[in-house]
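These notes are about the structure you will find just below.
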Amino acid sequence: SGPDYYEVIERLAQYHEQYFENERTALIQLKKYITWYASGFPHAVSLRQKIFTQCGLKESLEMAQEFFCHDPKIRRSITIDEAWMSSGHG
């Protein structure tokens with residue numbers, strides 16, 4: 001569920017803050033994880049567009065929390081036939 005994904009994102013943010021010396025690198029990596037995990041959820045495209053215009057970790061985490069936790073009943077919808085993450089970015 002969405003809150004489960006957000007819990008993982010929070011943990012990743014903690015690891016990134018602890019182990020990445022370069023804050024910008026940590027932020028970019030975290031934004032990539034957020035958008036990857038959002039794939040298949042309703043309105044993921046909108047989140048992806050917004051999150052890369054945000055400038056900091058706090059704002060990105062707030063957006064992720066709103067996205068993943070606003071309705072815990074919402075589930076991912078990815079089928080085996082979809083070319084998920086086939087572009088090779090990341």
Self-check item: Side chain T53, main chain K50, donor-acceptor under 3.5 Å
Solution: yes

Quiz prompt | Shared hydrophobic cluster for V8 and I51 (ILVMFWY, side-chain gaps under 4.5 Å) | solution = yes

Quiz prompt | More than 12 heavy atoms from other groups under 6.0 Å of CD on E59 | solution = yes

Quiz item: Quick one: does Q65's side chain get under 4.5 Å of L61's, heavy atoms only?
Solution: no

Exercise. Could you tell me the separation between the CZ atom of F67 and the OH atom of Y5, rounded to the nearest 0.5 Å?
Key: 11.0 Å

Side-chain donor-acceptor contacts of residues 10-19 below 3.5 Å, not counting sequence neighbours, with atom names and distances?
{"residue": "H16", "atom": "ND1", "partner": "L12", "partner atom": "O", "Å": "2.7"}

Practice problem: Output all residues satisfying ring-ring contact (aromatic ring centres under 6.0 Å, His included) with Y6, sequence neighbours left out; order by chain, then residue number. | Solution: none

Quiz item: So, for A38 and A44, which heavy atoms are closest and what is the spacing to 0.1 Å?
Solution: O-CB, 3.2 Å

Only distances under 3.5 Å count here; give the side-chain donor-acceptor pairs of residues 21-28 to other protein atoms, sequence neighbours excluded, each with its distance to 0.1 Å.
{"residue": "N22", "atom": "OD1", "partner": "R24", "partner atom": "N", "Å": "2.9"}
{"residue": "N22", "atom": "OD1", "partner": "T25", "partner atom": "N", "Å": "3.2"}

Practice problem: Would you check if F68 and I34 make a side-chain contact, meaning some heavy-atom pair closer than 4.5 Å? | Solution: yes

Quiz prompt | Closest non-hydrogen atom pair, C69 against P3 | solution = SG-CA, 4.0 Å

Self-check item: Any T35 side-chain heavy atom under 4.5 Å of F52 side chain
Solution: yes

Quiz item: Mind checking whether F20 and W36 sit in one hydrophobic cluster, side chains of I, L, V, M, F, W, Y counted as touching below 4.5 Å?
Solution: no

